[in-house]
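Note that ligands are numbered from 1 as they come in the structure, with each ligand's atoms numbered from 1 the same way.
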Amino acid sequence: MLPPSLALLLAYLPALALSLKLSPGCGTTPKLITTASTTTPLALTVNGKSRNFFVRLPENYNSTHPYRFIFTLHALGGTATGVITGTGGYVPYYGLPPLINDTVGAIFVAPNGLNNGWGNQGGEDVTFLKQVITTVEADLCVDQNLRFSTGFSYGAAMSYSLACSLGKEIRAVAVLSGNPQISGCEGGTEAVAYYGQHGTSDNVLPISGGRQMRDRFLKNNGCATTTTEAAEPAKGGGGRAKTVYTGCTAGKPVVWVTFDGPHTPTPKGQGESETWSPKETWEFFSQFK
Ligand SMILES: *[C@@H]1O[C@H](CO)[C@@H](O)[C@H](O)[C@H]1NC(C)=O
Ligand SMILES: *[C@@H]1O[C@H](CO)[C@@H](O)[C@H](O)[C@H]1NC(C)=O
């Protein structure tokens, strides 16, 4: 017989182990990543090509605290620096840092695509981003159950592609006006929590592609086929319509937002000065602990 206190401890251990998966960098002093890594990129060679990425350390980085890992991927013609500084049409890191108000916090990772895009030829961008994850997590303390990816346009397509290829290695994605073809979908059979948003007047990447991506994860996530998509917002009203799908596998929700607007990472309601997009993304990501 175990003493009651030890029995209690053992009963709790499996639950703790499942909810927290420490990266190799936990408890070690970072050797690679510093506060300068937001402005000085880190380099990797992948398939003979030189690649780079930036990492934003949380304030007062604590090497024994497991953080979220969030990829913020740029659009076609964009750069990681644009995402970081909030220039070229973005708000910094898709507007997420000021919203993150819980004790988990986040490490933001902004990589550069080849030719300012995410063509993912032969899966090379998935390979690159996997190596970025390994490199960051060898140096920093990450909860490996809390990896996320978001991006706009090509960055959205690549976030979708990561969900397809990495499956349960990725906890959730937020796909902002993406497309299922341009970065591809290798695998694509595992459940990944999925948030998608798309403008009803998008004439760069039509909303039909947004629905196709969503539908893949509705199926993978086992969501009920009975939920009716909310009616699209009226043209000219600046509104949005949100559908939260029911019946999805526990921990694998799907949320879909359509908005009255074009191809943009920063949709706004009528008369509003700030975009609602970061709030929706954070509401989705913050449910995962
Ligand atoms: C660092 O994080 C650990 C684990 O979350 C926590 O117990 C500790 O108090 C933190 N240290 C500081 C200085 O905040
Ligand atoms: C974080 O902010 C949201 C509103 O943006 C609020 O609902 C939530 O309670 C806050 N959480 C914490 C831990 O402060």
* Asked: Can you list the ligand 1 atoms lying under 4.0 Å from a non-hydrogen atom of N62?
  ->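 Counting atoms of ligand 1 from 1, those under 4.0 Å from N62 are 1 (C), 2 (O), 3 (C), 8 (C), 10 (C), 11 (N), 12 (C), 14 (O).
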* Asked: Which atoms of ligand 1 are found less than 4.0 Å from any heavy atom of T64?
  ->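 In order of number, 1 (C), 2 (O), 3 (C), 4 (C).
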* Asked: Just wondering, more than 12 heavy atoms not from K219 lying within 6.0 Å of its NZ?
  ->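 Atom NZ in K219 is not packed in, count stays at 12 or less.
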* To do: Please check if any side-chain donor atom of S161 sits under 3.5 Å from a side-chain acceptor atom of S183, or the reverse.
  =>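 No donor-acceptor contact under 3.5 Å links the two side chains.
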* W256-E229 side chain donor-acceptor pair, cut-off 3.5 Å ->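 Yes, E229 and W256 have a side-chain donor paired with an acceptor closer than 3.5 Å.
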* **Distance flag for atom 5 (O) of ligand 1, protein heavy atom under 4.0 Å** =>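 Yes, there is one.
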* To do: State whether D102 and R68 are salt-bridged, where the test is any N-O pair (Lys NZ or Arg NE/NH1/NH2 against Asp/Glu carboxylate O) under 4.0 Å.
  =>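 R68 and D102: salt-bridged.
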